[in-house]
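Presented below is the structure to which this report refers.
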Amino acid sequence: MVMSLLDSRAKHPFEFQAAYYPPIYAGIKAHTLGELMEGIKRVDGYSIFYHVFHPVFSSHVVPYDLHNDFAVWIRDELHDNSLAYLVSDVEGREPRTVEQVRESLLEVLRRGSPELKGGKPFLFLTCRPVVYDTGRRAWTLGEFIDILSEISMRSVVYHLVFGRAMGYSPRNDFSSWLLQEFNAVSLADRISSIDPQTYVEEERLREDLLDAIEEEIYRD
Amino acid sequence: MIEKFVPIVGEDAVDSVFKIAEKLRGISVLHVNSTPKGGGVAEILSKLVPLMREVGINAEWKVIRGDEEFFKVTKSFHNALQNGTGQLQGNSFETYKKWQEINLSELPLDYDVVFIHDPQPAGLVTQRKKGKWIWRCHIDISNPFPPVWEFLRGYVERYDSVIVSSPVFGRDDLSVPQFVIPPSIDPLSVKNKEISRFTVERILRKFGLDLDRPIVTQVSRFDRAKDPVGVIRAFAGMKKHVDGQLVYLGSPATDDPEGEEVYKETLKAAEGIKDVHLLLLPPDSDLEVNAFQRGADVVMQKSIKEGFGLTVSEALWKGKPVIGGNTGGIPLQVIHGHTGFLVSTPEEATHYLIYLLRNRDIRERMGKMGREHVRNNFLTIRELRDYLMTILLTKGRT
């Protein structure tokens, strides 16, 4: 459908930025499930982003079978496996923001016993993004795919997840650009349908993102 | 120099450092600590300061002065902060303050950003004039002896931000932002670079090691926090099952007056146990450290208290599984069952020593995972980037 767009030149290029998210201790520790819930209510949105979406980076170590820090703590310290899996699979798909993820987490956690106590406490971290310009620009859909396939995942996650998850924009940056420049509705929707919360390997996310784009472009 | 990291961590990681540093080009940064050699802090600064300069920051490093009494006091602070108990002499706080004043009269502190490392020079903040001040705490302050922490906290609250090595060390009673920055190792240094098997064997032979039998190594100061006596006990337990050798390699630091005493305790604990090699080498014995870590089958860091325990990352980088104490920053490096094993007692350490020494394939698999873990998280380039980002965020420039 959009194959013909591969070499069409956009009016405005896609400007690839990238970001790191240095962790900052949030000053809150949770020893029980109840305290974890209180902490989740109190922390800022960056903290939810850090614990739920940041594990996509390979530098943020979580076991392959759990998708976020809360789930890991619930399984390893509270030993409530079924609750851990529910927390692990909380939906983070567009257009949900950290505020909606926070609500979903609390809704799931209400099923557990607040008195449940862990060995080591859960330590809440927050973060602030440090954004930099990679200098890479895509003027066509073809260039966009080429750059996406090799640029740092710091850039991919920044554009695909950060702004949307923090509520700064309703859509991810990639979809917004594709819509604005090429009116590529189905391609934009396909990218939006990827839930980054369920990824703990950054290269897997890149691969699925590119596969989805290819499928949409070369369909029929 | 920084370009040499490209083959190790990739172009993107190195490029990000230059891009972030561009936002800080030309600013002046001072690092202050208490010892020019020996121990992790001096080692980190000897790498970090030249790298900061290379990316356009006017970075300098100065070391405070003190007499024996001052360093006894700061060592007692160090122990009290890490162990939660302490015995302070009546005039400790006065001695500390006196040497802060002396150093304040000698050190120019007029920089855009001042990093003060650890408690020894923390009191310099009282005379801050311009710039942002950041206290970089390398030790475990999660359960401090209250009188010492309250004394120190009075200084720490005057900083613009604090850096701790692990989230575990975060304090709930500080109002300043606490950044979490684990320290790092330099893969290009003499201590961590690739060296040939011939060099490793030459050094092991020089110190009387038998190359045909397994070797267990712990590299750390003769400090009770590193539990050298526990290491001897763990080895003695292992020795009943596996005919191995132990190398405990320490190096004295100028700010650690207890080292000799602990060395003697360790020597006594090792009496009658065969194949224990207690080595006290000069602080610049980096090639020997490299060789003993590479020559080991298993590396230990059986600390009871630890700031971070960089020797763990050094060993993991060399593809060795590590048996580490479940304390401080060690659990960030030793992922239990993946890059090594976490232990709390000598008996647990004995158990995993036997297990690892009997299973070469497990050692190799863990070694590979350990090296990747260090590549992703504990190399100098990452720490440099974290420092730059902390400056940016502290200055409110993002």
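These values consider heavy atoms only, across backbone and side chains, with no hydrogens, waters or symmetry-generated copies. Lettering of chains follows the sequences in order, A, B, ..., and the numbering in each one begins at 1.
Between A:Lys29 and B:Asp172, at least one side-chain N (NZ, or NE/NH1/NH2) sits under 4.0 Å from a carboxylate O, which counts as a salt bridge.
Distance NZ/B:Lys19 to CG/A:Asp133: 7.0 Å, rounded to 0.5 Å.
Using a 4.5 Å cut-off between heavy atoms, B:Ser161 does not touch chain A at all. Neither the backbone nor the side chain of B:His338 comes within contact range of chain A; no heavy atom of the residue lies under 4.5 Å from a heavy atom of that chain. In this structure, the portion of B:Arg385 lying under 4.5 Å from any heavy atom of chain A is its side chain and not its backbone.
Counting non-hydrogen atoms of other residues, nucleotides and ligands closer than 6.0 Å to CZ of B:Arg53 gives a total above 12. Shown here is A:Gln180, whose CD atom has more than 12 heavy atoms of other residues, nucleotides or ligands within 6.0 Å. For A:Glu201, the CD atom sits in a packed shell: over 12 heavy atoms of surrounding residues, nucleotides or ligands are nearer than 6.0 Å.
Using a 4.5 Å cut-off between non-hydrogen atoms, the part of residues 44-59 of chain A that approaches chain B consists of A:Ser58, A:Ser59. Residues of residues 307-319 of chain B lying under 4.5 angstrom from chain A, judged on non-hydrogen atoms, do not exist here.
Of all non-hydrogen atoms in B:Lys23 and A:Val131, the two that sit nearest each other are NZ-O, 2.6 Å. A:Tyr25 approaches B:Val180 most closely through the heavy-atom pair N-CG2, 4.1 Å. Looking at every heavy atom in both residues, A:Glu150 comes nearest to B:Asp12 through O-OD2, 3.9 Å. Looking at every heavy atom in both residues, B:Ile20 comes nearest to A:Tyr132 through CG1-CD2, 3.9 Å. For the pair A:Pro22 and B:Leu393, the tightest heavy-atom approach, listed with the atom from each and the gap, is CG-CD1, 3.6 Å.
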Give the intermediate values and the outcome of side-chain contact (heavy atoms from CB on, under 4.5 Å) for residues A:Lys120 and B:Asn326. CA-CA 11 Å; A:Lys120 289 181 181 173; B:Asn326 194 359; 3.1 Å; yes

Show your working on side-chain contact (heavy atoms from CB on, under 4.5 Å) between B:His373 and A:Val61 and close with a plain yes or no. CA-CA 9 Å; B:His373 184 44; A:Val61 178; 3.5 Å; yes

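Applying the side-chain contact (heavy atoms from CB on, under 4.5 Å) test to B:Glu364 and every residue at least two apart in sequence or in another chain returns B:Arg360. For the side-chain contact (heavy atoms from CB on, under 4.5 Å) test, residues two or more places apart in sequence or in another chain that qualify with B:Ser166 are B:Val168, B:Phe169, B:Leu332.
Under 3.5 Å, the side chains of B:Asp386 and A:Tyr20 contain no donor-acceptor pair of N or O atoms.
In terms of non-hydrogen atom pairs under 4.5 Å with chain B, the most contact-rich of A:Pro23, A:Gly27, A:Ala18 is A:Pro23.
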